[in-house]
Protein chains: 2
Amino acid sequence: MNKSFAKKEFKKFIKEKGLKFTSQREKVLDEILNTKGHFEIEDIVQKIKNKNVNVSRATVYRTLNILKEIGIVTEVIKFNNKTIYEISLKEHHDHLICTNCGKIIEFQEKEIEELQDKICEIYGFKPTFHRLEIFGLCKDCASKEDIIQ
Amino acid sequence: MNKSFAKKEFKKFIKEKGLKFTSQREKVLDEILNTKGHFEIEDIVQKIKNKNVNVSRATVYRTLNILKEIGIVTEVIKFNNKTIYEISLKEHHDHLICTNCGKIIEFQEKEIEELQDKICEIYGFKPTFHRLEIFGLCKDCASKEDIIQ
DNA sequence: ATAGGTGCAAAAAGTTTGCACTGTT
DNA sequence: AACAGTGCAAACTTTTTGCACCTAT
């Protein structure tokens, strides 16, 4: 999925559902598509505010919900009562999250995906998305901890 | 980990950290150990309330945080801004979550665990816990959806 | 006796919603 | 013109916290 494809999908979805393509929705989508890597909703709210563009927090939340439904963005990490999002442009991958410094490392592992598909098949489960989070200490934090102890 | 082991671990941790073994903490732990399967914090608060036992919601939350730290309970699912917990008594397993009816299916897949360990090693990452959630439609809900469409 | 713990109510933080008004179709 | 969308503030949910009092050690 690339940016213009994402925008087309968004418009298509809007049309199909009889919704409206407003300037606010477009601004939220553009801001998200210009974001590299992981983000929180509040990041988007602030970026928009800094540009003196008029889109309310409520509209950002409402638009995010549409984007989640379409599959343009995904909730990839739930940590410390925060939700971290990502644009679903790259191939699927999962995350290592350092609980000490907050660093996020992405990894891809086809075999894990395949095993998941196998399991879904066994249970007759129709998956829409999944999320694998491995929490722990990154290399740097782990070595610092060794020194402390 | 069985129940009496969990209790011992709890007491050990309390002692080591110079904390106190209060009747409230014991009641919360007992209530959790008597819970089968998945639970939310509010479930524990209500169960305790129904017994006319005096443990406040704040204390339940505070005790849960200790139990998480020890590893006696784990946050296994984050869905719809809810946190679902589980006692870490069984062998590690992951979950299929039906986004339509809320059904939770547990599955175990050693190979996935092994692949995760491999990845952590590659990145020098020291994992403490992980969570794999596969969201989608369970068999029943998937077949109903076929009929609707 | 002295930390640490508890309950309460208030506060945070994240997210949703009701309502009057506005804008897309 | 109709109906969906928006902004705002209020509401809601889940979780944490400050404080005065209490209790395990």
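Proteins come first, then strands; the chains are lettered A, B, ... in the order of their sequence lines, and each starts at number 1.
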Scoring nucleotides 17-25 of chain D by protein non-hydrogen atoms under 4.0 Å (B base, S sugar-phosphate only, - none) yields BB-----BS

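No side-chain heavy atom of B/N100 sits less than 4.5 Å from a side-chain heavy atom of B/C138. Two residues are said to be in side-chain contact when any heavy atoms from C-beta on lie closer than 4.5 Å; B/I32 and B/L64 meet this criterion.
Rounding to whole angstrom units, OH of residue B/Y61 and C1' of C/dG5 are separated by 19 Å. D/dT16 atom C1' lies 16 Å from atom CD of B/E69, rounded to whole Å. Rounded to a whole Å, the CD atom of B/E26 is 16 Å from the C1' atom of C/dT6. The nearest whole Å value for the distance from the NZ atom in A/K78 to the P atom in C/dG14 is 12 Å. We find that NZ of B/K68 is positioned 11 Å from C1' of D/dT16, with the value rounded to whole Å. Taking atom NZ of A/K15 as the reference point, atom P of D/dA4 lies 17 Å away to the nearest angstrom. Taking atom CD1 of A/I66 as the reference point, atom P of D/dG5 lies 7 Å away to the nearest angstrom. Between B/R25 atom CZ and C/dG7 atom P there is a gap of 11 Å when expressed in whole angstrom units.
Cation-pi geometry between B/K15 and B/F21 is not met: the NZ or CZ atom fails to fall both under 6.0 Å from the ring centre and inside 45° of the normal. Taking the ring axis of B/F125 as reference, the NZ or CZ atom of A/K139 does not stay both within 45° of it and closer than 6.0 Å to the ring centre.
Fit an axis to the five pairs at each end of the helix from C/dA1-D/dT25 to C/dT25-D/dA1 and the two axes sit 30° apart, to the nearest 10 degrees.
With hydrogens and angles left out, the side-chain atoms of B/T59 and B/K27 include no donor and acceptor closer than 3.5 Å. Counting only N and O atoms by type, the side chains of A/E106 and A/H38 include a donor and acceptor under 3.5 Å apart. Between the side chains of A/E109 and A/H92, no donor-acceptor pair is found at a separation under 3.5 Å. Between the side chains of A/H130 and B/E133, not a single donor N or O lies within less than 3.5 Å of an accepting N or O.
By the side chain to side chain contact (heavy atoms under 4.5 Å, CB included) test, A/R57 pairs with A/E42, A/V45, A/Q46, A/Y61, sequence neighbours left out. For A/F39, the ring-ring contact (aromatic ring centres under 6.0 Å, His included) partners two or more places apart in sequence, or in a different chain, are A/Y85.
The phosphate of C/dA12 (OP1 or OP2) has no side-chain N or O of A/N81 nearer than 4.0 angstrom. Regarding contacts with the backbone of C/dG7, every side-chain N or O of B/R57 stays at 4.0 angstrom or more from both OP1 and OP2. Look at B/T83 and you'll find a side-chain N or O under 4.0 angstrom from OP1 or OP2 of D/dT15. Taking only side-chain nitrogens and oxygens, A/N80 never comes nearer than 4.0 Å to OP1 or OP2 of D/dT15. OP1 and OP2 of C/dA13 both lie 4.0 Å or more from every side-chain N or O belonging to A/K82.
Annotation: salt bridge (Lys or Arg N to Asp or Glu O under 4.0 Å) contacts involving residues 16-25 of chain A, sequence neighbours excluded, comprise A/K17-A/E69.
A salt bridge links A/E75 with A/R131: the distance from a Lys NZ or Arg NE/NH1/NH2 to an Asp or Glu carboxylate oxygen falls below 4.0 Å.
The stretch residues 33-56 of chain A has no heavy atom under 4.0 Å from DNA chain C, so no residue of it qualifies as close.
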